[in-house]
Amino acid sequence: MNQTIDQRLRDLREVMQREHLAAFIFPSTDPHQGEYVPDHWKGREWISGFNGSAGTAVVTMTSAALWTDSRYFIAAGEQLRGTEFQLMRLKMPGTPTIAEWIGKECGAGAEVALDGWCSSVSTVRELIGDLRREGGITLRTNFDPLRLIWRQRPPIPENPVVIHPLEYAGETAHDKIARIRQALREQHADGMLMAALDDIAWTLNLRGTDVHCNPVFVSYLLISSTAVTLYINKVKLSTEVSAYLKAEGVGVDSYENVVKGLKDYFEYNILLDPDEVNYALFKSVAREVVEAESPVKRMKTVKNEREILGFSAAMLRDGIAMAKFLYWLSGISGKPGMSGFSGLSSESELSVSQKLASLRAEQPLFRDISFDTIAAYGPHGAIVHYEPTPESDAPLQPRGLLLIDSGAQYLDGTTDITRTIALGPLTEEEKRVYTLVLKGHIQIELAKFPSGISGTQLDVLAKQAMWREGLTYLHGTGHGVGSYLNVHEGPHQIRMEWKPAPLVAGMTVTDEPGIYLEGRFGVRIENTLLITPYRETEFGEFLQFESLTLCPIDKRPILAEMLTPEETAWLNQYHQRVYDSLSPHLTADEAAWLSDATSPLE
């Protein structure tokens, strides 16, 4: 791997030298600004070897560096070891910005480049300003060296598109487009270009398999006041899908014709989301541009009645699979309090991940996992986005903690759940950290709050107990979840950084605080929640959270004296609901195990 990366860097620098470039920047995105991207656009991973979902690589003629966030500090450090790449830890003291580092490495007046097709308008503009302040460094946006040096580059996917049934979507594409046009009129826009793949899939009630674990397809959607055009490789469309699109009033053109479509666009103006549309397309627009957030982002986050029913049904089936998995795991790891075990020594992170996937696949309407399973034992649990590989696969032992973060794509909903499980005796530190995380999780679940506040205003609830102990975590506390769509959905979030997107009834959001002690262990507990009405007062509408996830939370690591009576009551009530919901669908032995796992915590 390292020799391969060394050769790739040499090839890149030969091209940079011919083009008189001092540096080239590789983002982690694609032309649609996706968090997870088709292999064709994984240039940052190809040049650096780092495969996390977030990060930016920069290569100069004599050096290389990669910036990523706290979720990947440990994983990136391991994957970059032995390469030229220096790890830059975002938001940590002493870490330079990309522009600052380029300024130091390349000097004033240098020219650097990135591919304008794979960077948003907002990103490019900010970078242009930052580089200018570093001694007048200029940014070139119309060059892609990967076309010259990536000799076995995967093609853009040509996987078929399928219709998402109305019984699960809950609203026709025709009606969604009408709502979008109304939202555009309210922003004094005649039309819009939609580039985010999940927005397009949601709008048209179509799904695909172009992105790993995300049921989307590579395309653009251009909406005017009188027409709608889907830009897509037509080989992806069956006769049935083509007829469906025609019936919904959607025309079809080739994917590569989107630039021509923008040049031929006849309306007075067009809305472009600068965070969603890439810089190359933005520069090709000849009409007046209304720069604003795509109205589709917030439309799709508020689930309709059918989508909410689908989420509940999907979570029930997912809970059944999780309960069967935890029952199986309890049978091989020994009963609580026992030092011996029967079959744990033959299991590993990969094998338990595969076991869980197989149990989910048995459930009706299962389509795929919603992201690669994080099955992290012991010290691996401290690597926030760790994924076991044949090289890293750790055998399980009858002690310590196993962290499993997983989810599934069902035709009627998307799931995301984390449980941290005791495999045997625990240290007092492990128990205390586990209980602090649980307290944070419960405090979010108990929250009551005014409609329209930001998730940033709730984040402290998850952290107040651990902050008193001098502990914290740097990733977000919660993110939206799509309806048989991407497992990460925004713009609303619960996190420390200011995110102004309001929380309103009908949204889904995760609740996943954690604590990670490098080299020792990690703990995270996650449910997916639905925001529902709480009460109306003279001060307006107040909201609350309802747990959609149905799965026991391991009681064995809990230091019960650390929980407040309210927190204990919530846990007991939640566990009663889990038992009542899941037990009718389990075998007698599984139900007996579940009864013990959900018994009241005194």
Side-chain angles (χ1 to χ4, degrees), residues 74-75 78 213 318-363 366 368-408 415-427 430-431 433-434 514 516-517 519-526 549 551-557 582 586-587 589-594 596-598:
I74 300 173
E78 293 179 355
C213 297
D318 206 58
I320 294 167
M322 284 295 301
K324 290 179 176 291
F325 169 75
L326 293 174
Y327 167 74
W328 169 81
L329 190 63
S330 71
I332 62 173
S333 63
K335 297 178 180 178
M338 294 180 63
S339 59
F341 63 101
S342 54
L344 195 59
S345 60
S346 63
E347 302 297 339
S348 69
E349 294 166 333
L350 275 178
S351 70
V352 297
S353 174
Q354 292 160 358
K355 176 67 175 181
L356 178 54
S358 69
L359 290 169
R360 281 195 166 106
E362 295 174 358
Q363 296 300 314
F366 174 85
D368 197 358
I369 56 176
S370 57
F371 56 96
D372 287 320
T373 298
I374 298 169
Y377 173 63
H380 285 166
I383 305 173
V384 179
H385 271 208
Y386 169 82
E387 296 167 13
T389 66
E391 294 75 28
S392 70
D393 188 24
L396 305 187
Q397 303 294 329
R399 59 184 176 274
L401 296 169
L402 173 66
L403 187 157
I404 298 186
D405 187 348
S406 64
T415 70
D416 186 1
I417 173 177
T418 308
R419 289 295 183 264
T420 305
I421 306 149
L423 296 184
L426 302 177
T427 66
E430 288 170 325
K431 294 177 182 178
V433 166
Y434 182 97
Y516 314 93
L517 302 178
R520 288 133 76 190
F521 64 92
V523 175
R524 185 162 64 251
I525 299 171
E526 175 188 18
T549 301
C551 180
I553 295 170
D554 197 346
K555 301 190 313 259
R556 292 168 294 176
L582 299 184
L586 302 176
T587 68
D589 287 343
E590 291 165 345
W593 168 86
L594 183 64
D596 180 65
T598 57

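Every value quoted in this text rests on a predicted model; they were computed, and no experiment measured them. Residues take their numbers from the sequence shown, with the count starting at 1.
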Given the rule in the side-chain contact (heavy atoms from CB on, under 4.5 Å) test, do D405 and F371 qualify, once you have shown the distances and angles that lead to the verdict? CA-CA 9 Å; D405 187 348; F371 56 96; 3.1 Å; yes
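- When all heavy atoms of V523 and V433 are compared, the pair lying nearest together is CG2-CG1, 4.0 Å.
- For E78 (side chain) and A75 (main-chain N/O), no donor-acceptor pair under 3.5 Å exists by modelled atom type.
- Considering CG of L359 and CZ of F366, their distance stands at 10.5 Å, rounded to 0.5 Å.
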Step by step, work out the side-chain contact (heavy atoms from CB on, under 4.5 Å) result for R524 and V384. CA-CA 9 Å; R524 185 162 64 251; V384 179; 3.9 Å; yes
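- With sequence neighbours left out, the ring pair (Phe, Tyr, Trp, His ring centres under 6.0 Å) criterion links Y516 to H475.
- Distance OG/S351 to CG/L396: 6.0 Å, rounded to 0.5 Å.
- For K431, there are no side-chain hydrogen bond (donor to acceptor under 3.5 Å, both in side chains) partners two or more places apart in sequence or in a different chain.
- The distance from the CZ atom of F325 to the CG atom of L356 is 5.0 Å, given to the nearest 0.5 Å.
- Every side chain to side chain contact (heavy atoms under 4.5 Å, CB included) that Y386 has, sequence neighbours left out, goes to E349, A376, H380, I383, P388, S392.
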Give the C-alpha distance, both sets of side-chain angles, the deciding distance and a yes or no for salt bridge (Lys or Arg N to Asp or Glu O under 4.0 Å) between R419 and D554. CA-CA 8 Å; R419 289 295 183 264; D554 197 346; over 6 Å; no
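- Residues P379 and F521 have side chains not in contact (no heavy-atom distance under 4.5 Å, counting atoms from C-beta outward).
- Nearest heavy atoms, L326 versus C551: CD1-SG, 3.7 Å.
- Contacts of D372 classified as side-chain hydrogen bond (donor to acceptor under 3.5 Å, both in side chains), with partners at least two apart in sequence or in another chain: H212.
- The closest donor-acceptor contact from the side chain of R520 to the backbone of A382 lies at 3.5 Å or more, if one exists at all.
- From L401, atom CG reaches atom CD of E430 across 4.5 Å, with rounding to the nearest 0.5 Å.
- Contact of the L402 side chain with the L329 side chain is registered, since non-hydrogen atoms from C-beta on lie closer than 4.5 Å.
- Checking side-chain atoms of S370 against main-chain N and O of T415 turns up a donor-acceptor pair under 3.5 Å.
- No side-chain donor-acceptor contact under 3.5 Å links T420 to the backbone of L403.
- L586 and A591 make their closest contact through CB-N, 4.0 Å (heavy atoms, listed as atom of the first residue, atom of the second, distance).
- Residues Q363 and I320 have side chains in contact (heavy-atom distance under 4.5 Å, counting atoms from C-beta outward).
- A distance-only check finds a donor-acceptor pair linking the side chain of D393 to the backbone of L350 [under 3.5 Å].
- Separating the CD1 atom in I332 from the CD atom in E347 is a distance of 4.0 Å, to the nearest 0.5 Å.
- In this structure, the side chain of Y434 does not engage the main chain of I421 through any donor-acceptor pair within 3.5 Å.
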T373/I404 under side-chain contact (heavy atoms from CB on, under 4.5 Å): CA gap, chis, key distance, verdict: CA-CA 7 Å; T373 298; I404 298 186; 4.3 Å; yes
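- Using a 4.5 Å heavy-atom threshold, the side chains of L423 and Y377 count as touching.
- Every residue two or more places apart in sequence or in another chain that forms a side-chain hydrogen bond (donor to acceptor under 3.5 Å, both in side chains) with S406 is listed here: R360.
- Under the salt bridge (charged side-chain N to carboxylate O under 4.0 Å, His left out) criterion, the residue pairs touching residues 319-330 are K324-E590, with sequence neighbours excluded.
- Pairing each heavy atom of W593 with each of P552, the nearest pair is CH2-CG, 3.9 Å.
- Atom CG of residue D596 and atom OG1 of residue T598 lie 8.0 Å apart, to the nearest 0.5 angstrom.
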